[in-house]
Amino acid sequence: MKQFLPVPHVPGPSRSTAPERGGWGQRLRRILASDPALRHRFDAIRHYAAGIRASEYHLTNACNIRCKGCWFFTYEFQKASRENTDLADLKAFVADEAARGVNTALLIGGEPTLFPDRIAVYREAMERVTISTNGLRRLPRAGFEDITVAISLFGGGPLDDELRAVRPSGKRFSDLFGTALGHYADDPRAGFVYALSEDGIDHIEDTVRRIHDNGNRVHFNFYSSYDTDDPLRGVRGRELLAEALRVRELYPDTVASHPYTIEVMITGDAHWDSFGYDVCPSISARHPAHHSRTRNGNPVLPQFNTWAADLETVHFCCTSGHCDSCRDSQAVFSWLMVSPRHFLESAEQLWTWVHIAESYWSQFYWSPFHPAHRPPATPDPDPATAPAAAPTTGPAPATTAPREGV
């Protein structure tokens, strides 16, 4: 199940996206001029993000488990294209992607850890690589020292096995979460992406505690059961939100998700709009269905595409393509990341956006905002909700130098 989507840029002011008189860029400049610390943190995010050009790749159609409600198999993505297994073809394809400016790859499946030789092809050609994995197999460290590993987790507690611990044959097994913990204990590359469920409210605290004790971090996602008629239907949403926020307060260094992001992910509502196709920026630029969407005034991710395992087919978007049933945390994250113009009522509100952005980039081990690379946090108006501090000497990843943005 896809989890991570690096956001290529933070858009600058433009008249086409400035409904208020004078433009939102003028308001942004005024706020930043009044708060040097805020300006420094905002500029660090903007300059780093400007050097990112990302796309998503289905590394394989194969998977070693069959998660209940997985969009990939529910919508038969494995049948939509034939997997190209030729490494020479893959190397040529990845070289072409790098030549067009893509320097950040999200590898999904299927299950990427089944084919470390294919992961290596992307790592050799691109500066930043993230894999989304179910955790059943361990990605080796040798040769993959700076790759981000995003481990899926559904529901928490016994729900995770109920929803995920199923072999392709249909045979069940146990303790998939425990297996993943064992594979990635104290591994700074690895973080969990925990899909919260109303059925699993009672398991959230214990699940996060286990992640904390294992030396990992976690971002919250929202479980959409794609094998049901109404994947987003729920009756305990406020209770789920309250518990997620409570556990985040208990483990602020473990739960990297910002409170604002958690609320938008669970409710689908930001303070200015609701999440959906018309605002989601995580669509494939080359897909012909998006002609109208790319011209409606809402930002999209430039040059972003999701490629099938045949190395030829471009999928609709970063996830299932069924927008009415999507609340993918990283698609929501990307929407918030490209929307700083909606956080300009005050300096305090823009600080919230900065904290959201810092928490986003802190997911990636190759990012300077990751706890393994960042300097000690500096004081700001809301230190309790600042899950990650921006670099104090300007953005520079520990492993690769970013391209300077404009």
Side-chain angles (χ1 to χ4, degrees), residues 2 5-28 31 42 45-46 49 196 219-224 230-234 237-238 240-241 244-245 257-285 287 289-302 304 316-361 385:
K2 198 280 303 175
L5 176 61
V7 176
H9 81 312
V10 178
S14 68
R15 286 179 292 178
S16 63
T17 57
E20 58 284 288
R21 187 176 181 181
W24 67 273
Q26 181 177 336
R27 296 170 62 193
L28 173 62
I31 291 174
F42 182 89
I45 294 164
R46 192 174 207 165
L196 304 178
H219 268 79
F220 288 153
N221 198 357
F222 185 73
Y223 178 70
S224 299
D230 191 355
L232 298 178
R233 182 181 182 276
R238 302 310 299 184
L240 176 63
L241 174 59
L245 294 176
S257 302
H258 188 275
Y260 188 97
T261 307
I262 296 171
E263 182 164 1
V264 175
M265 179 192 64
I266 292 176
T267 67
D269 297 321
H271 66 269
W272 75 94
D273 207 343
S274 296
F275 181 71
Y277 174 70
D278 287 343
V279 298
C280 180
S282 307
I283 57 175
S284 291
H287 200 286
H290 302 308
H291 179 81
S292 296
R293 165 64 186 88
T294 57
R295 289 160 176 79
N296 72 0
N298 294 315
V300 296
L301 306 184
F304 172 81
F316 184 84
C317 66
C318 71
T319 179
S320 69
H322 291 70
C323 302
D324 291 342
S325 57
C326 178
R327 192 74 58 71
D328 181 85
S329 65
Q330 301 305 310
V332 170
F333 237 141
S334 70
W335 177 42
L336 298 178
M337 286 284 290
V338 300
S339 300
R341 68 189 187 277
H342 295 296
F343 290 81
L344 299 177
E345 292 300 317
S346 65
E348 289 74 19
Q349 194 180 62
L350 187 57
W351 270 112
T352 295
W353 184 86
V354 166
H355 296 150
I356 292 169
E358 290 175 348
S359 73
Y360 172 80
W361 288 112
T385 59

Could you please spell out the steps behind the side-chain contact (heavy atoms from CB on, under 4.5 Å) verdict for I266 and F220?
CA-CA 10 Å; I266 292 176; F220 288 153; over 6 Å; no

The reported gap from CG in L240 to CE in M265 (rounded to nearest 0.5 angstrom) is 7.5 Å

Rounded to the nearest 0.5 angstrom, the OG1-CG distance for T352 and L336 is 11.0 Å

Shortest non-hydrogen contact from L196 to A244?
CD1-CB, 3.7 Å

Straight-line distance of S359 OG to H219 NE2, nearest 0.5 Å:
4.5 Å

What's the verdict on side-chain contact (heavy atoms from CB on, under 4.5 Å) for Q349 and I31, showing C-alpha distance, side-chain angles and the deciding distance?
CA-CA 10 Å; Q349 194 180 62; I31 291 174; over 6 Å; no

On a heavy-atom basis, the closest approach of I283 and Y277 is CG2-CE1, 4.2 Å

Are I356 and F343 packed together at the side-chain level, in the sense that at least one heavy-atom pair is separated by less than 4.5 angstrom?
yes

Identify the two heavy atoms, one from S282 and one from C317, that lie closest to each other, and give their separation to 0.1 Å.
O-CB, 3.3 Å

Taking every heavy atom of A357 against every heavy atom of M337, the minimum-distance pair comes out as CA-SD, 3.4 Å

Supply the atom-to-atom distance T261 OG1 to H355 NE2, rounded to the nearest 0.5 angstrom.
12.0 Å

Of Y360, F42, Y260, W272, the residue whose pairing with W353 passes ring pair (Phe, Tyr, Trp, His ring centres under 6.0 Å)
F42

CG-OG distance between D278 and S292, expressed to the nearest 0.5 angstrom
10.0 Å

Backbone N/O of V300 and side chain of R293: donor-acceptor pair under 3.5 Å:
no

Between I262 and S257, which heavy-atom pair has the shortest distance, and what is it?
CG1-CB, 3.6 Å

F316 backbone acceptor or donor facing H290 side chain under 3.5 Å:
yes

4.5 Å side-chain heavy-atom contact, D269 and E263:
no

Measuring from atom CG of N298 to atom OG of S339, what distance do you get when rounded to the nearest 0.5 angstrom?
8.0 Å

Pair W24, L28 - check side-chain contact (heavy atoms from CB on, under 4.5 Å), show working.
CA-CA 6 Å; W24 67 273; L28 173 62; 4.0 Å; yes

C280 and A331: which non-hydrogen atoms are nearest, and at how many Å?
SG-CB, 4.2 Å

Kindly state whether the ring of F333 and the ring of H258 have centres lying under 6.0 angstrom apart.
no

